[in-house]
There are 2 protein chains.
Amino acid sequence: MKSKASTSEKILDVAQSLIVAGGYNGFSYADISAAIGIRKASIHHHFPTKAELVAVLVDRYRRQAEAGLKSLREQFSSPSEQLQSYSEFWQTCIRDASQSFCVCAMLAGEMQMLPEEVASRVRAHFDNLANWLTSVLQAGVEQDVFRLNKRPADEAQMLMASVHGAMLSARAFGDPALFGTIISAQIAKLLAPERSRTAGAR
Amino acid sequence: MKSKASTSEKILDVAQSLIVAGGYNGFSYADISAAIGIRKASIHHHFPTKAELVAVLVDRYRRQAEAGLKSLREQFSSPSEQLQSYSEFWQTCIRDASQSFCVCAMLAGEMQMLPEEVASRVRAHFDNLANWLTSVLQAGVEQDVFRLNKRPADEAQMLMASVHGAMLSARAFGDPALFGTIISAQIAKLLAPERSRTAGAR
DNA sequence: CCTTACCTTCCTACTGGTAGGTAGACAAAC
DNA sequence: GTTTGTCTACCTACCAGTAGGAAGGTAAGG
């Protein structure tokens, strides 16, 4: 009931929390070593180089995010609820996991000095997220729950930027609640102005 | 007609461009040393510790930003033009200075592992910017050019988050133009929907 | 005018510590 | 009996920071 994670997974878990805290240059093999009680050399056995470790980590993160977003679309029929619970997911993360952060948002800032194998994977996650948001907004327009000023793809970029910027602000001000305030208001702007909702849901 | 900057200013200039590229842990005294042709030890003469260097740097950045924002309010009478040219400033930076970035947005991501003397100064800049945006939006509401859904302070936070998030997206996608797309659309959402403007201006 | 003293700036040379990474031995598991 | 995981021990490169001194400017005192 306690630990079932393999060593490599534990390494990735620790590395992820360290990256979230301080970025690519903000952690070392020694840090991971100390955190999980294993020698540095053993980590190199699992992940020969740092670039490879982070590349695998970002790949895993992207897949997890992809799966999470997919399940949100399956779990909630209404696009506005899908957006809402995506927002709530991050609100919870940021509040509970003491100032959490999206790994890829963190790495995006360091893009210019990231190994290419990492940078390309960060880009892939941004693509995925943008596409997911676009299709949710698109569906919302078709169901008449959203009223957009721009094309869904553009509004998706705006929303994604808000999410990442809000994470940054929450950190800068040391105020986890700020994230929720910003994103909720941003989502509210997308909602079509009062109308007897078409479907029976809600 | 060439160089009038003192050594310490050159150090700060180089350090700033290095931080923008890779954050606090992404540069070293050796990097600065190589860039301006001076020995490492000489940099320690001007700035004994790295924390002090960055603290001074962020202070300078905050003052410059403060002055720039103030002059925008003096140069343009219309709040929407003030916002517009603030946006254009960053568009130019990001396009010309090959993927530039706000120093404080960069450091905000690393907040958790920044020396306190740096962190507090980053917070100060975020406060300044939020206050400036709030007062511009406030003025816009009074002049009937902006129609806000939330209190000006909240809308200011939303706008600030969009700006920082858009910088992140521009980097992640390697597309400088994306910044302008996102911010212009965000500003457009604030404008009051068509109305014979009260003042003669514009 | 010249000396003494101080200050600023930069230098060479170095410290202790940490970075990412490697070599090879050992033990358990398949 | 090879593969897998861990270890000790080590490497080179680099990190922030220090010691001590050379070069030059400035200014006071005689």
Side-chain angles (χ1 to χ4, degrees), chain A residues 2-58 60 106-107 110 112-119 121, chain B residues 2-58 60 106-107 110 112-119 121:
Chain A
K2 199 173 194 176
S3 78
K4 243 179 63 179
S6 70
T7 301
S8 4
E9 276 168 346
K10 279 195 274 186
I11 293 171
L12 292 176
D13 290 342
V14 170
Q16 181 160 330
S17 75
L18 289 170
I19 287 179
V20 162
Y24 188 86
N25 293 310
F27 79 101
S28 71
Y29 273 42
D31 294 330
I32 303 175
S33 157
I36 64 179
I38 202 182
R39 301 291 124 176
K40 254 185 5 161
S42 309
I43 304 175
H44 279 287
H45 167 73
H46 294 277
F47 304 100
T49 69
K50 192 180 183 181
E52 193 169 318
L53 191 165
V54 179
V56 170
L57 185 156
V58 175
R60 186 184 72 152
M106 194 69 197
L107 293 175
E110 306 177 290
Q112 292 177 333
M113 50 155 52
L114 247 36
E116 176 52 31
E117 50 197 315
V118 176
R121 285 167 169 84
Chain B
K2 199 172 194 179
S3 80
K4 242 178 64 179
S6 71
T7 302
S8 359
E9 276 167 346
K10 278 195 274 185
I11 292 170
L12 293 176
D13 290 343
V14 170
Q16 182 160 331
S17 75
L18 289 170
I19 287 179
V20 162
Y24 187 86
N25 293 309
F27 80 101
S28 73
Y29 273 43
D31 294 331
I32 303 174
S33 156
I36 65 179
I38 202 183
R39 297 292 121 176
K40 250 183 15 158
S42 309
I43 304 175
H44 278 287
H45 165 74
H46 294 278
F47 305 99
T49 68
K50 193 178 181 179
E52 194 169 317
L53 193 165
V54 179
V56 170
L57 185 157
V58 175
R60 186 184 70 152
M106 195 68 196
L107 293 175
E110 306 177 291
Q112 292 177 332
M113 50 156 51
L114 248 36
E116 177 50 32
E117 51 195 318
V118 176
R121 285 168 169 85

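Any value given below was found using the heavy atoms of this structure, including those in side chains, with hydrogens, waters and symmetry copies removed.
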Does the side chain of Ser42(A) get closer than 4.0 angstrom to OP1 or OP2 of dC7(D) through an N or O atom?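 For dC7(D), OP1 or OP2 has a side-chain N or O of Ser42(A) closer than 4.0 Å.
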
Given dT9(C), is OP1 or OP2 found less than 4.0 Å from the side-chain N or O atoms of His45(B)? yes

Minimum heavy-atom distance Lys40(A)-Ser33(A), with the two atoms named: N-OG, 3.8 Å

Can you find a pair of side-chain heavy atoms, one from [X] and one from [Y], that are under 4.5 Å apart?
| X | Y | result |
| --- | --- | --- |
| Leu107(B) | Val54(B) | yes |
| Ile32(A) | Leu53(A) | yes |
| Val118(A) | Arg121(A) | no |
| Lys10(A) | Ile38(A) | no |

I need the [atom1]-[atom2] distance between [X] and [N], as an integer number of Å.
| X | N | atom1 | atom2 | answer |
| --- | --- | --- | --- | --- |
| Ile43(B) | dC15(D) | CD1 | C1' | 13 Å |
| Ile32(B) | dC14(D) | CD1 | C1' | 15 Å |
| Arg39(A) | dC10(D) | CZ | C1' | 15 Å |
| Asn25(B) | dC14(D) | CG | P | 18 Å |
| Ile36(B) | dC10(C) | CD1 | C1' | 11 Å |

Could you tell me whether the side chain of Glu9(B) and the main chain of Ser6(B) form a donor-acceptor pair under 3.5 Å? yes

Per-nt protein contacts along nucleotides 25-30 of chain C (heavy atom under 4.0 Å; B base, S backbone sugar-phosphate only, - none) come out as ------

Short N/O separations, protein against nucleotides 16-18 of chain D, under 3.5 angstrom:
residue	atom	partner	partner atom	Å
dA16(D)	OP1	Phe27(B)	O	3.4
dA16(D)	OP1	Lys50(B)	NZ	3.2
dA16(D)	OP2	Tyr29(B)	N	3.0
dA16(D)	N7	Lys40(B)	NZ	3.0
dA16(D)	N6	Lys40(B)	NZ	3.2
dG17(D)	OP2	Lys50(B)	N	2.8
dG17(D)	N7	His44(B)	NE2	3.2
dG17(D)	O6	Lys40(B)	NZ	3.0

Could you pull out all residues at least two apart from Ser28(A) that satisfy side chain to side chain donor-acceptor pair (under 3.5 Å)?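 Applying side chain to side chain donor-acceptor pair (under 3.5 Å) to Ser28(A) gives Asp31(A).
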
Indicate every side-chain donor-acceptor pair of residues 11-22 of chain B with a distance under 3.5 Å to a residue at least two apart or in another chain.
residue	atom	partner	partner atom	Å
Asp13(B)	OD1	Arg60(B)	NH1	3.0
Asp13(B)	OD1	Arg60(B)	NH2	3.0
Gln16(B)	OE1	Arg60(B)	NH2	3.3
Ser17(B)	OG	Val14(B)	O	2.9

Within residues 11-21 of chain B, which residues have any heavy atom lying less than 4.0 Å from an atom of DNA chain C?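 Heavy-atom cutoff 4.0 Å gives no residues at all.
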
Spacing of CD belonging to Gln112(B) relative to CD belonging to Glu110(B), to within rounding of 0.5 Å: 11.0 Å

Rounded distance [0.5 Å steps], OG in Ser8(B) versus CG in Leu57(B):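 Answer for the OG-CG pair, Ser8(B) versus Leu57(B), is 12.0 Å.
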
Tell me the ring-ring contact (aromatic ring centres under 6.0 Å, His included) pairs involving residues 7-32 of chain B, sequence neighbours left out?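 For residues 7-32 of chain B: Tyr29(B)-His44(B).
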
